[in-house]
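Report on one structure; see the data block that follows.
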Amino acid sequence: MTEPDTSRLERLSGMLKRRGILLPAFEIHGGAKGLYDFGPVGGRLRNKVNQTWLNHWLSLGNIVEISCPTVTPYAVLEASGHVGEFSDFMTICTTCDEASRADTLLESHHSNPDALTKSELQSLLDQSNPPCPSCQEPEWSPITAQNLMFNTTIGAGASGRPGFLRPETAQGMFTSFPALYRHNRERLPFGAIQVGKGYRNEISPRQGMIRLREFNMAELEYFINPHEEPSHDFTPWDGHNITLLADNEGEVEMSFKHAVENNVIRHATVGYFMAKTFDFLTKVGIDSQRIRFRQHESDEMAHYATDCWDAEIHGSYGWVECVGIAHRGCYDLESHEKATGKSLRARREFSEPEILEIDGWTTEGSKAGPAFRALAGAVKEAVEQLSSSSTFPLELTLANGEKVTVEQEHVKRDQRTETVTGEWYIPHVVEPAFGIDRIIWHILDHAYDESGKDGETYTTMHLSANVAPVDYCIFPLFEKDGMGKLAQTIHTTMCSKPNIVSMYDGSGSIGRRYARADEIGVPKCITVDHQSLEDGTVTIRDRDSGEQHRVAIDSL
RNA sequence: GCGGAUAUGGUGUAGUGGUAACAUAGGAGGUUUCCAACCUCUUGUCGCGGGUUCGACUCCCGCUAUCCGCACCA
């Protein structure tokens, strides 16, 4: 970072703190790393970004909004792979209290202890009793998961279950797939969205809003049928080239459509969401010239993903990944299905039903059951593999190696025609995941303009009206002759309108008040002057142009 | 986690082993017919905890936080 950048960053951070946009949390107690407050102005900004995000996706028409708990049982995140991926398993020496990583202790007892589950590690630890690296004693406490997730206990005492604060919102959307599928009348594709808090106990939070321990995230899980060719309309982005850092191609400029057609972006739905993501970012005020997409290299890709692109935004900290758009395949639903035994599938009908001619043998339950007892199931399985020309009695070797003799009376011919009209499959998921805090940071970074007027230092936040925390400032030119009173009335009227925030300011010169409003990016300032008292009109001043025009109070 | 730097009103800075200053911002009033004007009054500061000392914002130690490298990192 160059010197002017650093000082600009310091002035920006100072302003954000002074004006109540972004502040270190719990500061009177000394603060806490990686935790920030959105202040009286920032809170509203965050809310408007979230709302804009929700509306952006809901407008697709097949998206529903849900909200899941942040407190998540251990089993959920074990199934998702987070316990394994995010965890170090710790154990404590009962003699010297030194904590060690269980997998490191067991390196000489197993070829790849990193891949073991918690219980496997525990039993291996119990068997091998490795010496403590600091005191050589081999007595260890039970293994606990120690990782980037904040762990907690759900419930008290003996009935308490281990759990975590979620590291992402996604898992709740996967675990509620059956309800989502039903709600969508069992038709794909559809999506679920959620905005909320996520938690990661980062080793070393840095760079202000860029790496937090508690952060705002917004995720879309879009469930698709992998057997269907996705069709997306890319015409809205025709002729618009975007910077892509592709795994194989390097840095290229091309349209989304072109990138999808030429397999630079490997899946059309991923490409479509990249385009929609681009639209969202510009909608909330990110400079379109400072957005690029970077494809994950194969070895960088998370354990589940088959193609993944980050939207990166350039700002005071360089290029920062702010959105991840991943094709996760069927990984997530499959994992939860395996862990729970519950079906997380969707039904598809074949275009042509498959006709299966079955001609073979099956068991006669009333005879084979009593004859083979516990083996009856295995016998049935074996008999159904036999060709129709088999003759009985017949000696059969079962799957478990046992030999049985099957008599004619144990079996019957099975001749029928079966029509299979479709199948149950695990949907694939394309997931755009947004780091809201990082996006808000870049909105502020891009909007912050201290170029000023006539060479003077003058700060303006060129925030998009979509996200500006305060919609209007109402000023009386002077607080006398009834101008203050009229301005107050207008202020209360404006505030009573839904989704409008107005601020009243009557102190200081009019220029100073415009400056205060510009600094936090208020798009429009309304001034009550002498003429207002006579004809019921006010002036509206535009933040970016400084131009004023006069309108009737009633038309506001 | 390792190494380096830093911590003084809301913000930005000065300064000292003997109770802290400047600018700016904020509040009240005055003045002013639209872009940080002016005048008067006023609010508010040495990150936290130990130690040394008659006395610590200042010196020492620890902690916390911030910034910069390194490591780690959906």
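Below, all heavy atoms of this structure are taken into account, side chains as well, without hydrogens, waters or symmetry copies. Sequence lines set the chain letters: A, B, ... in the order given, protein chains first and strands last, and positions in each chain run from 1.
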(message) Whole angstroms only, please: what is the NZ-C1' distance between Lys33(A) and C72(B)?
(response) 13 Å
(request) Show your reasoning for whether side-chain hydrogen bond (donor to acceptor under 3.5 Å, both in side chains) applies to His462(A) and Thr460(A). (result) CA-CA 6 Å; His462(A) 296 285; Thr460(A) 307; 4.7 Å; no
(message) Given C68(B), U33(B), C34(B), identify the nucleotide with an atom nearest to the side chain of His530(A).
(response) U33(B)
Which pairs would a plain distance check flag for residues 483-491 of chain A, meaning a side-chain donor or acceptor within less than 3.5 Å of a matching protein atom at least two apart in sequence or in another chain?
residue	atom	partner	partner atom	Å
Thr489(A)	OG1	Lys485(A)	O	2.9
His491(A)	ND1	Ser502(A)	OG	2.7

(message) Using a heavy-atom cut-off of 4.0 Å across all strands, would you classify Gln531(A) as base, sugar-phosphate, or nothing?
(response) nothing
(request) Could I get the full list of side-chain contact (heavy atoms from CB on, under 4.5 Å) partners for Pro69(A), not counting sequence neighbours? (result) none
(request) Classify the ring geometry between Phe478(A) and His530(A) as parallel (under 30°), tilted (30 to 60°) or perpendicular (over 60°). (result) tilted
(message) When the P atoms of U40(B) and U45(B) are compared, how many Å lie between them, rounded to an integer?
(response) 24 Å
Look for any protein N or O under 3.5 Å of an N or O in nucleotides 44-51 of chain B and output each such pair with its distance, or none.
none

(message) In whole Å, I'd like the distance from the CG atom of Leu212(A) to the P atom of U66(B).
(response) 11 Å
(message) In this structure, how many angstroms lie between the P atom of C73(B) and the CZ atom of Phe215(A), rounded?
(response) 16 Å
(request) Please state the C1' separation for the pair A56(B) and G49(B) - nearest whole angstrom. (result) 14 Å
(request) Check RNA chain B for consecutive Watson-Crick or G-U pairs with both distances under 3.5 Å and list the runs of at least three as stems. (result) B:1-7 with B:64-70, B:10-13 with B:21-24, B:26-30 with B:38-42, B:47-51 with B:59-63
(message) Please list all pairs meeting ring-ring contact (aromatic ring centres under 6.0 Å, His included) that have one or both residues in residues 23-44 of chain A, counting only residues at least two apart or in different chains.
(response) none
(request) Using a strict 4.0 Å threshold on nitrogen-to-oxygen distance, state whether Glu219(A) and Arg328(A) make a salt bridge. (result) no
(request) For Gly324(A) and for Arg513(A), find the nucleotide of RNA chain B with the closest heavy atom, then tell me which residue's nucleotide is more 5'. (result) Arg513(A)
(request) Select base, sugar-phosphate, or nothing to describe what Gly546(A) touches, counting heavy atoms under 4.0 Å on all strands. (result) base
(request) Report the residues that fulfil side chain to side chain donor-acceptor pair (under 3.5 Å) with Glu249(A), sequence neighbours left out, ordered by chain and then residue number. (result) none
(message) Could you tell me how far G62(B) sits from A37(B) if I compare only their P atoms? Round to whole Å.
(response) 48 Å
Extract all donor-acceptor atom pairs below 3.5 Å that involve side chains of residues 279-286 of chain A and protein atoms in other chains or at least two apart in sequence.
residue	atom	partner	partner atom	Å
Asp279(A)	OD1	Trp237(A)	NE1	3.0
Asp279(A)	OD2	Trp237(A)	NE1	3.2
Thr282(A)	OG1	Phe278(A)	O	3.2
Thr282(A)	OG1	Asp279(A)	O	2.9
Lys283(A)	NZ	His56(A)	ND1	3.0

(message) I'd like the C1' distance from G51(B) over to G69(B), given in whole Å.
(response) 33 Å
(message) For the C1' atoms, the ones on G12(B) and on U64(B), what distance do you get once it is rounded to whole angstrom?
(response) 23 Å
(request) Identify which nucleotide among C68(B), U11(B), C34(B) has an atom closest to any side-chain atom of Thr527(A), counting heavy atoms from C-beta outward. (result) C34(B)
(request) Output the single nucleotide from C34(B), A36(B), C73(B) whose closest atom is nearest the side chain of Ala515(A). (result) A36(B)
(request) Mind jotting down which residue pairs meet the side chain to side chain donor-acceptor pair (under 3.5 Å) criterion with at least one end in residues 547-556 of chain A? Sequence neighbours excluded, please. (result) Asp529(A)-Arg550(A), Gln531(A)-Arg550(A), Thr537(A)-Arg550(A)
(request) Starting from P on C34(B), measure out to CG on Asp542(A) and report it in whole angstrom. (result) 20 Å
(request) Using the side chain to side chain donor-acceptor pair (under 3.5 Å) rule, collect all pairs that involve residues 469-482 of chain A, keeping only residues at least two apart or in two chains. (result) Lys48(A)-Asp471(A), Glu479(A)-Tyr504(A)
(request) Can you check each nucleotide of nucleotides 22-32 of chain B against protein heavy atoms at under 4.0 Å and return B for base, S for sugar-phosphate only, - for none, in 5' to 3' order? (result) ---SSS----B
(message) Between P on U11(B) and CD on Glu450(A), what's the gap in Å once rounded to a whole number?
(response) 18 Å
(request) Mind checking ring-ring contact (aromatic ring centres under 6.0 Å, His included) for His336(A) and listing every partner two or more places apart, or none if nothing turns up? (result) none
(message) Between C63(B) and A5(B), how many Å separate the two P atoms, rounded to a whole number?
(response) 15 Å
(request) For C73(B) versus U24(B), give the span between their P atoms, rounded off to a whole number of Å. (result) 50 Å
(request) To the nearest Å, give me how far apart CG (Asp310(A)) and C1' (C73(B)) are. (result) 13 Å
(request) Please state how far atom CD in Glu10(A) lies from atom C1' in A7(B), giving the value in whole angstrom units. (result) 13 Å
(message) Could you check whether Arg294(A) makes a cation-pi contact with Trp319(A), meaning its NZ or CZ is under 6.0 Å from the centre of the six-membered ring and within 45° of the ring axis?
(response) no
(request) Return the nearest nucleotide to the side chain of Arg541(A); candidates are A74(B), A36(B), C35(B). (result) C35(B)
(request) Could you tell me the separation between the CG atom of Asp518(A) and the C1' atom of C34(B), rounded to a whole number of Å? (result) 13 Å
(request) Taking atom C1' in both G9(B) and A14(B), compute the distance separating them and give it to the nearest angstrom. (result) 13 Å
(request) Between Met15(A) and Val538(A), name the one whose nearest nucleotide on RNA chain B is closer to the 5' end. (result) Met15(A)
(message) Once salt bridge (charged side-chain N to carboxylate O under 4.0 Å, His left out) is applied, do any residues pair with Arg161(A), and if so which ones, sequence neighbours excluded?
(response) none
